Enquirer: 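Just passing along the structure, written as structure tokens.
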Amino acid sequence: MFALIDGNSFYCSCERAFDPTLRRKALVVLSNNDGCVIARTHEAKDLGVKMGEPWHLVQKRYPAGQLAWRSSNYGLYGDMSRRMFVVLRDLVPSVEPYSIDEMFLDMTGLDDLHSRSVDIRARVLRAAKIPTCVGIGPTKTIAKLANAVAKKDRAGSGVCDLSDVRVREALYQTMAAGEVWGIGGASAAKLERIGVKSIAQFLEVPGPLVRAQLSVVGERVQRELRGDSCLPLSLLPARRKSLAVTRSFGQRVSEWPQMEQALAAYATRAAEKLRGHQLVASAMQVFVMTNRFSKGEPSYANQVTFALRPTNDTFELVAMAVAAGRRLWRDGFRYQKSGVVLIDLVPREECPPDLFAETDGDRAPRIMTALDAVNRRFGRGTLRQASLVQTPAWSMRRANISPSYTTRVGDMLKVRS
DNA sequence: TCTGGGGTCCTAGGACCC
DNA sequence: TCTGGGGTCCTAGGACCC
């Protein structure tokens with residue numbers, strides 16, 4: 001038997017844990033650059049604030065003081081998540097962190113799951129200051145569904161137990177297939193086209209038809225909903241496969257030097273993340289795009305993916321990202337977003353030690369290595385000149401790089417194409 | 001003007017090889 | 001005339017998730 005515990009309005013609850021004046025207030029947490037709403041307390045939901053709504057629209061709608069807000073602070077949320085994990089680890093046989101605010105619990109061998117879950121919630125609230133809900137079921141998908149039910153019943157116990165098949169079947173009649181974990185908007189629309197609305201109707205669709213419409217993923221969801229567990233608890237965290245640093249610009253970019261600085265900053269941050277995870281990248285993807293929302297304006301989006309000599313070196317990654325970006329760049333567009341994605345990540349210990357570098361040390365040889373790597377990849381003469389320049393503060397802010405990091409990195413590689 | 005960022009998995013189709 | 005067929009690898013794109 002599985003349980004899924006998740007923090008209610010997690011980011012908001014984290015902010016409240018450290019600022020009691022926010023309690024019982026309508027509160028939202030905003031995305032990077034304060035672009036849009038990514039977490040809402042139920043008071044904010046009651047005011048009509050929607051998930052993902054642009055903040056500039058929401059802000060206008062409410063008089064000052066009615067809606068409190070915070071910029072996101074992922075360091076804090078990560079810490080709070082670890083606190084939750086530590087509390088839970090002592091209460092159940094095993095815990096699988098699923099996302100920053102959700103954990104699957106192994107409940108095998110435990111009895112009286114409902115009151116035990118009520119107790120788990122109380123302990124997490126006491127020790128980690130996070131209010132939660134718990135869903136129980138024989139598969140992960142059912143536990144997830146139960147959790148959603150528990151969350152909807154605001155006045156309830158915060159626990160929903162779907163281990164009884166009769167309880168489930170009654171519920172399946174009333175719940176839409178689209179509410180199931182793994183059935184998103186596109187799949188729900190496909191199901192509606194063949195006359196399926198409720199979960200109960202979804203379970204009546206023959207396997208081959210489900211497979212044709214929703215692929216093996218849909219088939220698995222169907223089996224899980226029947227109580228046939230296909231998704232085991234995984235206790236070892238999966239190895240990370242990719243890592244991205246992407247940002248929308250505060251103001252549109254139409255000059256290459258700004259794009260160059262942005263890509264350099266993203267690659268710098270990506271290299272830092274890479275080393276933080278003890279990984280080395282064997283491929284890179286760089287993309288640029290204009291605003292996908294604006295109509296009547298010339299739009300352009302392009303990306304390039306290429307192999308790297310496995311590396312975690314800032315200079316090399318920066319040089320590669322900038323050279324690739326230059327190749328994608330077209331004059332005459334107002335760019336809205338760009339990004340650097342590192343893929344084919346390999347644990348550092350699996351690579352010969354001479355293949356990677358640390359951030360400190362002599363820079364000159366590494367600049368030459370980076371130049372060399374870029375010219376090998378993009379053709380001789382792609383980079384003719386390289387020098388060290390101070391990265392402007394704005395691009396550091398854009399990439400969410402802290403001042404302390406800025407001083408550590410100091411200069412950046414500037415390349416000209 | 002302003003509309004996030006970071007992930008995973010699956011499938012189809014092309015290139016290439018034998 | 002009859003232009004196979006299976007395997008692998010890579011990439012693009014779609015869908016989903018938090």
Side-chain angles (χ1 to χ4, degrees), chain A residues 4 6-11 28-40 49-61 71-74 77-78 81 97-104 140-141 144 147-148 151 177-191 210-221 230-231 234 237-253 266 269-270 273-274 277 282-283 285 287 289-295 297 301-307 334 336-345 398-400:
Chain A
L4 178 74
D6 85 328
N8 301 342
S9 313
F10 186 67
Y11 295 171
V28 295
V29 170
L30 307 178
S31 65
N32 253 324
N33 297 344
D34 297 335
C36 60
V37 174
I38 55 170
R40 313 160 289 162
V49 182
K50 300 274 178 303
M51 188 66 174
E53 253 191 299
W55 174 235
H56 66 96
L57 295 179
V58 176
Q59 204 174 16
K60 266 191 290 207
R61 219 162 51 217
S71 300
S72 43
N73 178 352
Y74 292 99
Y77 311 149
S81 182
Y98 169 65
S99 71
I100 195 161
D101 72 324
E102 289 170 280
M103 291 164 208
F104 281 106
K140 281 183 168 180
T141 303
K144 188 96 164 117
N147 180 281
K151 230 183 299 184
E179 292 190 61
V180 174
W181 183 41
I183 301 183
S187 299
K190 274 186 193 167
L191 288 174
V210 172
R211 189 180 187 123
Q213 295 285 323
L214 311 183
S215 87
V216 293
V217 179
E219 247 182 335
R220 195 169 55 212
V221 171
C230 311
L231 301 166
S234 56
R239 197 158 98 187
R240 198 189 190 81
K241 294 181 174 162
S242 69
L243 178 161
V245 180
T246 68
R247 293 287 182 277
S248 296
F249 299 117
Q251 288 143 11
R252 305 289 173 70
V253 162
Y266 304 157
R269 179 75 191 112
K273 280 184 174 183
L274 201 56
H277 291 288
S282 343
Q285 184 171 45
F287 70 85
M289 55 170 64
T290 57
N291 189 343
R292 62 198 160 102
F293 296 103
S294 83
K295 299 178 192 75
E297 189 183 335
N302 205 351
Q303 69 91 25
V304 59
T305 308
F306 50 91
R334 297 169 65 232
Q336 190 250 346
K337 186 176 178 173
S338 62
V340 172
V341 187
L342 301 178
I343 49 185
D344 294 344
L345 307 184
R398 253 330 136 225
N400 215 7

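Only a predicted model underlies this, so the values are computations on that prediction, with no experimental measurement involved.
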Enquirer: Tell me what V180(A) touches on the nucleic acid: a base, only sugar-phosphate, or nothing, going by heavy atoms under 4.0 Å.
Expert: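 Counting heavy atoms under 4.0 Å across all strands, the contact made by V180(A) is with sugar-phosphate only.
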Enquirer: From OH of Y98(A) over to C1' of dC17(C), roughly how many Å is that when rounded to an integer?
Expert: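 Distance, rounded to whole Å: 5 Å.
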Enquirer: Round to the nearest Å and state the distance from M103(A) atom CE to dC17(C) atom C1'.
Expert: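 Answer to the nearest Å: 16 Å.
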Enquirer: Base, sugar-phosphate alone, or nothing: which one does K60(A) contact when heavy atoms must sit under 4.0 Å apart?
Expert: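 No contact.
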Enquirer: Taking atom P of dG5(B) as reference, at what distance in whole Å does atom CZ of R269(A) sit?
Expert: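 Computing the R269(A):CZ to dG5(B):P distance gives 14 Å.
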Enquirer: I would like to know whether L191(A) and Q213(A) meet side-chain contact (heavy atoms from CB on, under 4.5 Å); could you show each step before the answer?
Expert: CA-CA 8 Å; L191(A) 288 174; Q213(A) 295 285 323; 5.6 Å; no
Enquirer: Using whole Å, report how far CD of Q285(A) lies from P of dG5(B).
Expert: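 Interatomic distance, CD of Q285(A) to P of dG5(B): 16 Å.
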Enquirer: Measure CD1/I183(A) against C1'/dC16(C) and give the value in whole Å, please.
Expert: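 Answer to the nearest Å: 11 Å.
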Enquirer: Are F10(A) and E102(A) close enough, and set up right, to give a side-chain contact (heavy atoms from CB on, under 4.5 Å), and what steps lead you there?
Expert: CA-CA 9 Å; F10(A) 186 67; E102(A) 289 170 280; over 6 Å; no
Enquirer: Under the criterion side-chain contact (heavy atoms from CB on, under 4.5 Å), I'd like the reasoning laid out for V216(A) against R211(A): C-alpha separation, chi angles, the key distance, then a yes or no.
Expert: CA-CA 6 Å; V216(A) 293; R211(A) 189 180 187 123; 2.9 Å; yes
Enquirer: Which is it for S234(A) and F104(A) under the side-chain contact (heavy atoms from CB on, under 4.5 Å) test, yes or no, and what are the steps along the way?
Expert: CA-CA 9 Å; S234(A) 56; F104(A) 281 106; over 6 Å; no
Enquirer: Parallel, tilted or perpendicular: which one describes the rings of Y77(A) and Y11(A), with boundaries at 30° and 60°?
Expert: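 Rings of Y77(A) and Y11(A): parallel, as their planes differ by under 30°.
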Enquirer: In whole angstrom, give me the gap between the C1' atoms of dG4(C) and dC17(B).
Expert: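 The answer is 14 Å between these two C1' atoms.
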Enquirer: Whole angstroms only, please: what is the NZ-P distance between K151(A) and dC18(C)?
Expert: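 The answer, rounded to whole Å, is 8 Å.
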Enquirer: Are the side chain of K273(A) and the backbone N or O of A244(A) linked by a donor-acceptor pair below 3.5 Å?
Expert: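 Judged by distance alone, yes, a pair lies under 3.5 Å.
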Enquirer: With the side chain of W181(A) defined as its heavy atoms from C-beta on, choose the nearest nucleotide among dC17(C), dA15(C), dG4(B).
Expert: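 Between dC17(C), dA15(C), dG4(B), the one nearest the side chain of W181(A) would be dC17(C).
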Enquirer: Scan S187(A) against the nucleic acid and name what it touches under 4.0 Å (heavy atoms): base, sugar-phosphate only, or nothing.
Expert: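 Since only primed, P, OP1 and OP2 atoms lie under 4.0 Å of S187(A), the category is sugar-phosphate.
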Enquirer: Contact class for E53(A) (heavy atom, under 4.0 Å): base, sugar-phosphate, or nothing?
Expert: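 No contact at all - E53(A) keeps every heavy atom at 4.0 Å or more from the nucleic acid.
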Enquirer: Output the single nucleotide from dC2(B), dC18(C), dG4(B) whose closest atom is nearest the side chain of D101(A).
Expert: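 Minimum distance to the D101(A) side chain belongs to dC18(C).
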Enquirer: Between dC2(B) and K337(A), is there an OP1 or OP2 to side-chain N/O distance shorter than 4.0 Å?
Expert: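 For dC2(B), OP1/OP2 do not have a side-chain N/O of K337(A) under 4.0 Å.
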Enquirer: Find the distance D34(A):CG to dG4(B):P and express it as a whole number of Å.
Expert: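 D34(A) atom CG is separated from dG4(B) atom P by 12 Å.
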Enquirer: For a quick check of understanding: with a heavy-atom distance under 4.0 Å over all strands, which category does G185(A) fall into, base, sugar-phosphate or nothing?
Expert: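 The answer is sugar-phosphate, as G185(A) gets under 4.0 Å only of primed atoms, P, OP1 or OP2.
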Enquirer: Looking at E53(A) and R40(A), is any side-chain nitrogen of the basic one under 4.0 Å from a carboxylate oxygen of the acidic one?
Expert: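 Answer for the salt bridge query: no.
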Enquirer: Check nucleotides 6-13 of chain B for protein N or O atoms closer than 3.5 Å to its own N or O atoms and list the pairs.
Expert:
from	atom 1	to	atom 2	distance (Å)
dG6(B)	OP1	A244(A)	O	3.4
dG6(B)	OP1	R247(A)	NH1	3.0
dG6(B)	OP2	T246(A)	N	2.5
dG6(B)	OP2	T246(A)	O	3.0
dG6(B)	OP2	T246(A)	OG1	2.7
dG7(B)	OP1	R240(A)	NH2	2.0
dG7(B)	OP2	A244(A)	N	2.5
dG7(B)	O5'	R240(A)	NH2	3.3
dT8(B)	OP1	K241(A)	N	3.0
dT8(B)	OP2	S242(A)	N	3.4
dT8(B)	OP2	S242(A)	OG	2.9
dC9(B)	OP2	K241(A)	NZ	2.7

Enquirer: If you define the side chain from C-beta out and look only at heavy atoms, does anything of M103(A) sit under 4.5 Å from S81(A)?
Expert: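 A side-chain contact under 4.5 Å exists here.
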Enquirer: Which base sits across from dG5(C) as a Watson-Crick or G-U pair, both distances under 3.5 Å?
Expert: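 Check on dG5(C): paired to dC18(B), both distances under 3.5 Å.
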Enquirer: Please state how far atom CG in L214(A) lies from atom C1' in dC16(C), giving the value in whole angstrom units.
Expert: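 Rounded to the whole Å, the gap is 12 Å.
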Enquirer: Given dG5(B), is OP1 or OP2 found less than 4.0 Å from the side-chain N or O atoms of S31(A)?
Expert: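 So the side chain of S31(A) is outside the cut-off, no N or O lying under 4.0 Å from OP1 or OP2 of dG5(B).
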